[in-house]
Amino acid sequence: MNKAVIGLQWGDEGKGKIVDYLSDDFDLVVRYQGGNNAGHTVIVDDTTYKLNLIPSGVIRGKICYLGQGVVLDPYHFYNEYNQITKKIDNPMVYLSSNIPLILEYHKQLDKINELILKNEKKIGTTSKGIGPAYQDKVGRKSIKLYDLKSKYVIEEKLHTIKKFYDPILESFDESKINIEKTVQELLNFYDLVKELIVDNSFIKKKFINKKILFEGAQGALLDLDHGSYPFVTSSNTVSSNIVIGSAIQVDYKTVGIFKAYATRVGNGPFPSELFDDVGDYIAKKGVEIGTVTKRKRRCGWLDLVSLKYSCEINRVDELCMTKADVLNNLSEIKVCKSYNLKKYEDVNFSESYSLDAVSLDDEDFELFPSWGEVKDLSKFENLPYNLKKFISYIEEYLSIPIKIISLGPERNQTIIR
Ligand code: IMP
């Protein structure tokens, strides 16, 4: 059965490791949304791989595909691909010809968008030009990979784009769009990657009846429509976007992935956020620093209210929990089970203003005693009793089984049930 690995929180759940782990059983690994705002660090033996666009399945020699729902920064992609070719023989990566490109002016506009917002209203984007690139896609201005075949088409499109955006760029003292330079850069890029570009029908035909693993980027609570708007990313991160973003119409099982606590980078509501020493301890022990922007991630207790919502909007079949080892030895572990005693059915998650009003008190938390150190990772039964209790509480709350438990960055620190 095909599978989709979807982040259920605000991203950074550890999808990279799990996709790498699972990809052994699949023929093709597919990204269907987002861009190089995502970031994975995968450690295999002594080698550390840092990936933003290419699915981590590439490390296992799997064929990887970036679908039309992705936005692609040509320079970033080329550098990442080049890095991979130095570590892996013949990496197999295909790009949908229907992918819109992120150009320099998108990054400038991303900066301007943030600049004009007041402090607490700033989104805190990754500054990679993601939002403006999707804006151009919806606004029917994008330069897509298939356009790169023709110098004339690139030039023509850039002229329209320039007319539209130069006045804005100029008024914020940003450099104007340089058509000649951009055309040349795009033609050079095309020369380097044209062998990787395929149309949507190629991938469908090649992988008919093969096993596919879909890799979500970011997390469900950052979804453009389901997340706490406007503090979201600019794509649909939920599993229902898979068919549109990949153009591959197949059935799949959804594996929802979450950390045993919660983190968020950038602004926006975070009801179970910790502002004390415990939050700092988790951040330090969990190395909660953004892979893309190197910003310190905000940390908090696991929030089951939002997790239940994420499971529902993604139709999650099974769960994977990561990083419970970060909570080892804490004298007390908390889990948020209600928002001001409200259940998830009564919360509007896509309205950040209503989430801002949530301020949790003791009754909104379930408490768990320390489970000490996790020493034996050989099988589930050997985990500490208190950790098993923590796991069954989550399973019962969500009515979904936790089938994968990851207790460290290495492949062998994974328990499958
Ligand atoms: P953008 O996707 O760069 O437009 O950023 C929008 C929001 O999503 C910001 O709060 C970012 O910090 C957040 N974000 C985007 N990508 C990721 C990710 O991969 N992990 C965690 N947060 C992300």
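All figures in this text were calculated on a predicted structure; none of them were measured in a lab. Both counts, for ligands and for their atoms, begin at 1 and track the order of listing.
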- prompt: Who's closest to atom 14 (N) of ligand 1 heavy-atom-wise, of Asn37, Leu222, Asp12?
  reply: Leu222

message: Judged on heavy-atom distance to atom 5 (O) of ligand 1, which of Thr291, Thr125, Ile130 sits nearest?
response: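 It is Thr125 that holds the nearest heavy atom.
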
field: Listed partners of Lys296 passing salt bridge (Lys or Arg N to Asp or Glu O under 4.0 Å), at least two apart
entry: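 So Lys296 forms a salt bridge (Lys or Arg N to Asp or Glu O under 4.0 Å) with Asp280.
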
With the threshold set at under 4.0 angstrom, would you say [X] reaches ligand 1 through any of its heavy atoms?
| X | value |
| --- | --- |
| Val232 | yes |
| Arg295 | yes |
| Lys128 | no |
| Gly124 | yes |

- request: Output yes when the distance from some N or O of ligand 1 to some N or O of Gln218 is under 3.5 Å, and no in every other case.
  value: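 Between Gln218 and ligand 1 (N or O atoms, distance only) the closest approach is under 3.5 Å.
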
query: When you look for heavy atoms under 4.0 Å from ligand 1, do you find them on the side chain of Phe231, its backbone, both, or neither?
result: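 No part of Phe231 is near ligand 1 at this cut-off.
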
I need the nearest protein heavy-atom contact for [atom]: residue, atom name and distance, please.
| atom | result |
| --- | --- |
| atom 2 (O) of ligand 1 | Thr233 OG1, 2.6 Å |
| atom 10 (O) of ligand 1 | Val265 O, 3.2 Å |
| atom 3 (O) of ligand 1 | Thr126 OG1, 2.6 Å |

task: Assess whether atom CZ of Phe164 is packed by more than 12 heavy atoms of other residues, nucleotides or ligands within 6.0 Å.
output: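 No, CZ of Phe164 has 12 or fewer neighbouring heavy atoms, counting only those of other groups under 6.0 Å.
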
field: More than 12 heavy atoms from other groups under 6.0 Å of CG on Asp191
entry: yes

message: Check the orientation of Phe349 and Tyr309. Use parallel for under 30°, tilted for 30 to 60°, and perpendicular for over 60°.
response: parallel

- prompt: Relative to each other, are the rings of Phe189 and Phe77 parallel, tilted or perpendicular (30° and 60° limits)?
  reply: perpendicular

task: Pull out every atom of ligand 1 sitting under 4.0 Å from any heavy atom of Trp10, numbered as shown with elements.
output: 21 (C), 22 (N)

query: Side chains of Lys141 and Thr160: donor-acceptor distance under 3.5 Å anywhere?
result: no

message: According to side-chain hydrogen bond (donor to acceptor under 3.5 Å, both in side chains), who are the partners of Glu273, at least two apart in sequence or on a separate chain?
response: Arg298

query: Of all heavy-atom pairs between Lys122 and Asn267, which one has the smallest distance, and what is that distance?
result: O-ND2, 2.6 Å

